[in-house]
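Read the structure below first, then the notes.
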Amino acid sequence: MDTTSELSSMVRLNIGGKKFCTTIDTLTNREPDSMLAAMFSGRHAMSNESKTGYVFIDRDGKHFRHILNWLRDGIAPTLSDPDCSELLREVDYYQLLGLKEILKASRRETGEVEAELTRVDIIKCIQSERVRFRGVNLSGIDLSKL
């Protein structure tokens, strides 16, 4: 590959003030249906910051390195629950469905899922003598409307 085509495939990104350099291939190959792939597919005109040549995306750049690493080698990061939640928000924005699926599966395996209580769950908890709600007295309450 000659230097001219190598430089033309390089992309400079400014994600919320954090700067990254990558290639068009990295942004388009692993997740071809993502927003990043669409942005850099050549179908859309991209505007660079005039002097620096960076493409600005108005998002928090904190976790973008994880996104780039996923796009580069297909390995999802192992993160704490708050960081994983933040990364999932960015993954949703960039429409990275493959990474989203892996992160959600990983959270399920470690028990770090946000599950909503159903009506049946609440009734079972209230009827159980082992479960107590601290600071809440439910005795004598009509639960038939739950």
Side-chain angles (χ1 to χ4, degrees), residues 1-128 130-136 138 143-146:
M1 180 180 254
D2 68 31
T3 344
T4 313
S5 62
E6 191 176 304
L7 288 175
S8 67
S9 74
M10 188 168 74
V11 177
R12 293 177 178 186
L13 299 170
N14 177 345
I15 313 294
K18 293 191 184 270
K19 304 222 171 143
F20 300 90
C21 289
T22 188
T23 64
I24 290 175
D25 286 347
T26 296
L27 296 172
T28 58
N29 286 345
R30 184 167 308 280
E31 298 253 9
D33 296 325
S34 71
M35 185 193 82
L36 289 169
M39 286 174 68
F40 295 97
S41 67
R43 296 179 301 215
H44 306 283
M46 298 298 300
S47 63
N48 296 345
E49 293 178 12
S50 57
K51 294 180 184 174
T52 62
Y54 282 85
V55 174
F56 179 75
I57 299 176
D58 192 13
R59 297 295 295 177
D60 187 346
K62 177 181 177 183
H63 297 293
F64 194 75
R65 70 183 180 91
H66 298 302
I67 290 170
L68 274 183
N69 288 333
W70 160 256
L71 293 172
R72 287 175 179 135
D73 34 65
I75 298 173
T78 304
L79 300 170
S80 65
D81 190 43
D83 284 339
C84 190
S85 294
E86 290 173 6
L87 178 58
L88 276 167
R89 196 167 32 254
E90 296 305 302
V91 164
D92 277 338
Y93 176 79
Y94 294 112
Q95 300 169 6
L96 299 164
L97 302 179
L99 180 54
K100 180 177 181 175
E101 188 176 307
I102 289 172
L103 289 173
K104 288 203 170 249
S106 170
R107 290 179 86 187
R108 279 191 297 272
E109 288 172 9
T110 60
E112 295 178 5
V113 290
E114 297 174 16
E116 293 184 19
L117 290 174
T118 65
R119 175 182 175 272
V120 173
D121 294 332
I122 293 170
I123 291 171
K124 284 181 182 176
C125 285
I126 292 170
Q127 290 174 342
S128 169
R130 294 178 294 143
V131 176
R132 302 270 188 245
F133 291 100
R134 182 176 287 172
V136 177
L138 298 174
L143 302 177
S144 64
K145 305 256 191 275
L146 283 179

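Computed over heavy atoms, backbone and side chain alike; hydrogens, waters and symmetry mates excluded. All of these numbers come straight from a predicted model, not from anything done at the bench.
Note: Ile67 CD1 to Phe20 CZ = 9.0 Å, rounded to the nearest 0.5 Å. Distance CE/Met35 to CG/Asp92: 12.0 Å, rounded to 0.5 Å. For the atom pair CE (Met10) and CD1 (Ile24), the distance works out to 10.5 Å, reported to the nearest 0.5 Å.
Contact annotation: the side chain of Leu87 approaches that of Leu103 to within less than 4.5 Å [non-hydrogen atoms, C-beta and beyond]. You'll find the side chain of Phe40 reaches within 4.5 Å of the side chain of Val55, heavy atoms only. In this structure the side chain of Ser9 never reaches within 4.5 angstrom of the side chain of Asp25, judged on heavy atoms. With contacts defined as side-chain heavy-atom distances shorter than 4.5 Å, the pair Met39/Leu27 does not qualify. Counting heavy atoms from C-beta outward, Leu99 and Leu71 have side chains that stay 4.5 Å or more apart.
Taking Ser34 as the reference, Glu31, Leu36, Ala37, Leu96 meet the side chain to side chain contact (heavy atoms under 4.5 Å, CB included) condition, with sequence neighbours excluded. Residues forming a side-chain hydrogen bond (donor to acceptor under 3.5 Å, both in side chains) with Thr28 (at least two apart in sequence, or on another chain): none. Applying the side-chain hydrogen bond (donor to acceptor under 3.5 Å, both in side chains) rule to Asn29 yields no partners; only residues at least two apart in sequence or on another chain are considered. Under the ring-ring contact (aromatic ring centres under 6.0 Å, His included) criterion, Tyr94 pairs with Phe64, sequence neighbours left out. The side-chain hydrogen bond (donor to acceptor under 3.5 Å, both in side chains) check on Arg72 picks up Asn69, with sequence neighbours excluded.
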Report task. Take Val91 and His63, measure what side chain to side chain contact (heavy atoms under 4.5 Å, CB included) needs, and give me the verdict at the end. Result -> CA-CA 10 Å; Val91 164; His63 297 293; over 6 Å; no

Requested in this report: Report the C-alpha separation of Asp33 and Gln95 in whole Å, then their side-chain angles, then the decisive distance to 0.1 Å, and conclude whether the side chain to side chain contact (heavy atoms under 4.5 Å, CB included) test is met.
Outcome: CA-CA 8 Å; Asp33 296 325; Gln95 300 169 6; over 6 Å; no

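Distance alone, capped at 3.5 Å, is enough to place a donor-acceptor pair between the Ser85 side chain and the Asp81 backbone.
Pairs engaging residues 56-68 under the salt bridge (charged side-chain N to carboxylate O under 4.0 Å, His left out) rule: Arg59-Glu90, Lys62-Asp83, Lys62-Glu86 [sequence neighbours left out].
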